[in-house]
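Predicted, not measured: the structure shown is a model, and the values here were computed from it. If you read the sequence from its start, that first residue is 1, and numbering goes on from there.
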Amino acid sequence: MNYYIFRIDYSKRDYFKENLEKGLLRQGWGMENLSLVNENGEARNQEEWVNACPENWRTTEEARKYLRNKNTNLKKMLEMKEGDIILIPKFPEWNMFSLYKVTGKYYFNLEETAVDYGHCILVKIATIYPDEVDKYFTYNGNIATKINHSKLRGYQTAINSVYNRDVTSLLQTISI
């Protein structure tokens, strides 16, 4: 089992709540033509992905480097597999975090009403699976959640793989 810290666009909290209630976790940088996989479901070449980004995003070499880094970060979604645990900080409220269990592979689906957030991963949600790992925690709920909250600062990108044994042990403790 792998662990991930997954940051969302907190200004669109209601949008993410709505999707998570359907068992769908979305990530930004998912505009038209920016799927991480090709038509055959294979990982897309990084330079191809960068070149598919809007032209005004890639006007300098520094901008292209930023886009390559963004692609590398997003590709962590391709590594996620059924049973992995995702922690979303500051969700559903600012003083909370939530845990979800991955139930399916990455896919790209850009909603007609959204211009972003096309990167998708299926997850279990607490309202359907109350006895599963999917839970909400306040940052100060108990000693494990307090310690876990203090460790989140080290994971600032949109999608973070968690390898730190202290953090994974804490996640195992609070997810039981």
Side-chain angles (χ1 to χ4, degrees), residues 1-94 96-125 128 134 152-163 167 171:
M1 176 184 326
N2 296 308
Y3 296 89
Y4 298 90
I5 295 175
F6 198 103
R7 296 189 179 271
I8 60 170
D9 180 351
Y10 300 107
S11 70
K12 306 259 193 272
R13 191 177 306 275
D14 290 339
Y15 175 77
F16 284 91
K17 280 182 185 178
E18 178 183 308
N19 277 276
L20 283 163
E21 287 172 1
K22 299 174 193 171
L24 185 61
L25 178 56
R26 292 177 170 274
Q27 184 55 260
W29 291 84
M31 299 174 65
E32 188 175 357
N33 298 319
L34 293 185
S35 175
L36 299 173
V37 296
N38 62 24
E39 317 69 56
N40 301 325
E42 299 165 344
R44 198 168 171 191
N45 174 286
Q46 186 175 66
E47 285 306 311
E48 177 189 338
W49 187 87
V50 168
N51 290 332
C53 288
E55 191 171 337
N56 62 335
W57 289 8
R58 49 190 167 87
T59 55
T60 66
E61 186 51 40
E62 186 65 26
R64 292 181 70 80
K65 180 180 177 186
Y66 177 80
L67 292 171
R68 285 191 288 276
N69 289 340
K70 183 57 66 179
N71 177 265
T72 297
N73 185 247
L74 288 169
K75 281 190 173 180
K76 289 179 183 182
M77 292 181 78
L78 299 177
E79 300 168 9
M80 294 178 183
K81 62 186 180 314
E82 192 170 331
D84 287 348
I85 302 299
I86 297 174
L87 180 149
I88 305 174
K90 302 178 186 178
F91 187 83
E93 303 297 332
W94 286 101
M96 301 176 85
F97 63 89
S98 55
L99 294 177
Y100 290 88
K101 187 181 284 187
V102 174
T103 62
K105 292 182 178 183
Y106 165 89
Y107 69 96
F108 189 82
N109 177 14
L110 189 58
E111 295 180 311
E112 290 180 24
T113 58
V115 294
D116 201 347
Y117 315 112
H119 303 291
C120 303
I121 195 87
L122 296 171
V123 294
K124 285 185 180 179
I125 56 175
I128 295 175
D134 320 300
L152 293 178
R153 287 191 182 103
Y155 300 95
Q156 293 299 313
T157 58
I159 304 166
N160 303 269
S161 299
V162 179
Y163 299 111
V167 176
L171 288 172

Out of curiosity, [X] [atom1] to [Y] [atom2], how far, rounded to the nearest 0.5 Å?
X    : Y    : atom1 : atom2 : result
R7   : L87  : CZ    : CG    : 9.0 Å
K76  : Y4   : NZ    : OH    : 8.5 Å
L122 : Y107 : CG    : OH    : 5.0 Å
N51  : N33  : CG    : CG    : 12.0 Å
C120 : E111 : SG    : CD    : 7.5 Å

Picking from N69, N73, T72, what satisfies side-chain hydrogen bond (donor to acceptor under 3.5 Å, both in side chains) with T157?
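The passing option is N73.
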
For residues 36-59, which residue pairs qualify under salt bridge (Lys or Arg N to Asp or Glu O under 4.0 Å), counting only residues two or more places apart or in two chains?
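Pairs touching residues 36-59 that pass the test: R44-E48, E47-R64, E47-R68.
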
With Y106 via ring pair (Phe, Tyr, Trp, His ring centres under 6.0 Å) - residues at least two apart
H119

Residue pair I86 / M80, side-chain heavy-atom distance below 4.5 Å:
yes

Between K75 and E79 (salt bridge meaning N to carboxylate O under 4.0 Å), is one present in this structure?
no

Using a strict cut-off of less than 4.0 Å between a Lys/Arg side-chain nitrogen and an Asp/Glu carboxylate oxygen, indicate whether K17 and E93 qualify as a salt bridge.
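Salt bridge between K17 and E93, a charged N being under 4.0 Å from a carboxylate O: yes.
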
Check the orientation of W94 and Y10. Use parallel for under 30°, tilted for 30 to 60°, and perpendicular for over 60°.
tilted

Y117 side chain to D9 side chain, donor-acceptor N/O pair below 3.5 angstrom:
yes

Which residue in the set I159, L36, I121 passes side-chain contact (heavy atoms from CB on, under 4.5 Å) when paired with Q27?
I159

